[in-house]
Amino acid sequence: MTQEIELDLTGDVCPFTFVKTKLQLEQLESGDLLTVIFDHAPAVENVPKSVTNEGHTVLGIDKVADKLWKVRIQKA
Amino acid sequence: MKLGILLTTSPEHENTNTVIEISKSAIKQGISVSIFLMADGTHNSVFEPFQNLIEHGVEIILCAHNAAKRKVEVVENIVYGSQYDLATIIKESDRFISF
């Protein structure tokens, strides 16, 4: 059964935004969904690019408030 | 062959000229060059002699976080990346030097 979890990385900046996203993804099963919350603008561009490079799928990037984004990722 | 370079000092430092000359020589010998700018090195992205490396075929990536902290102006043809990009350059380079 597909699992969907949320990871709040508000307050974190590069490179921890990517490191913590990657560590969380490693604990999931293939096909599981991870929603990551950022308030750091550079991360909203770089983390999706990096996880795509790693073979995962970015399902969406939503700006949910001023300086707050949600990135939905499906593990490869 | 691929050469990776990390530059962390600002254009006033002699490192910038060293990196420019090394990059030009490498390109002349058919070596591909990727430069990652971080910390004060992000200021090189708005330094024209350094920007000209792009026309020579050098790939330039900078740490978007460090650039934003230093209010460095966004420049075309330079990738606004992260430490992931630095790690990728290191992994893919045959030789890697840092300044």
Side-chain angles (χ1 to χ4, degrees), chain A residues 5-28 30 32-76, chain B residues 2-10 32-47 50-51 54 57-94 96-99:
Chain A
I5 64 166
E6 197 164 88
L7 176 66
D8 184 354
L9 293 184
T10 51
D12 275 306
V13 297
C14 288
F16 302 105
T17 42
F18 173 66
V19 171
K20 291 182 178 178
T21 301
K22 184 176 166 76
L23 290 173
Q24 183 63 71
L25 280 168
E26 284 172 3
Q27 292 169 35
L28 299 182
S30 176
D32 283 349
L33 298 172
L34 170 64
T35 298
V36 191
I37 306 169
F38 297 117
D39 59 359
H40 178 57
V44 180
E45 250 185 69
N46 286 311
V47 173
K49 191 173 74 172
S50 306
V51 296
T52 302
N53 273 357
E54 302 262 299
H56 306 297
T57 307
V58 175
L59 301 176
I61 301 171
D62 302 313
K63 187 166 187 179
V64 295
D66 185 35
K67 285 196 181 293
L68 201 66
W69 294 267
K70 283 192 174 185
V71 176
R72 285 186 81 226
I73 303 163
Q74 183 164 44
K75 176 165 181 171
Chain B
K2 181 159 182 169
L3 171 65
I5 300 175
L6 170 65
L7 180 54
T8 62
T9 52
S10 58
S32 69
V33 179
S34 292
I35 300 173
F36 189 83
L37 304 174
M38 69 181 258
D40 288 339
T42 52
H43 288 295
N44 287 283
S45 63
V46 292
F47 182 56
F50 189 85
Q51 285 175 341
I54 297 169
V58 172
E59 177 190 45
I60 300 176
I61 303 175
L62 61 72
C63 175
H65 177 50
N66 289 170
K69 282 280 181 193
R70 289 161 175 78
K71 304 215 182 332
V72 174
E73 189 195 314
V74 176
V75 176
E76 255 184 61
N77 302 327
I78 288 183
V79 175
Y80 279 63
S82 69
Q83 292 299 313
Y84 181 84
D85 298 289
L86 173 57
T88 303
I89 290 173
I90 293 172
K91 186 178 148 200
E92 293 172 357
S93 296
D94 298 290
F96 186 84
I97 45 179
S98 56
F99 292 86

So for A/Lys22, is it side chain, backbone, both, or neither that comes closer than 4.5 Å to the heavy atoms of chain B? neither

Heavy-atom side-chain contact between A/Glu54 and A/Ile73 under 4.5 Å: no

Matching residue for A/Val36 among A/Leu9, A/Val47, A/Val44 - test: side chain to side chain contact (heavy atoms under 4.5 Å, CB included): A/Leu9

Could you tell me if the side chain of B/Tyr84 sits less than 4.5 Å from the side chain of A/Pro15, heavy atoms only? no

Answer with side chain, backbone, both or neither: which region of B/Asp85 has an atom nearer than 4.5 Å to a non-hydrogen atom of chain A? side chain

Quick check on the interface: out of A/Ala41, A/Ser50, A/Ala43, A/Cys14, who has the most heavy-atom pairs with chain B under 4.5 Å? A/Ser50

In the structure I gave you, are the side-chain heavy atoms of A/Val71 and A/Phe38 within less than 4.5 Å of one another anywhere? yes

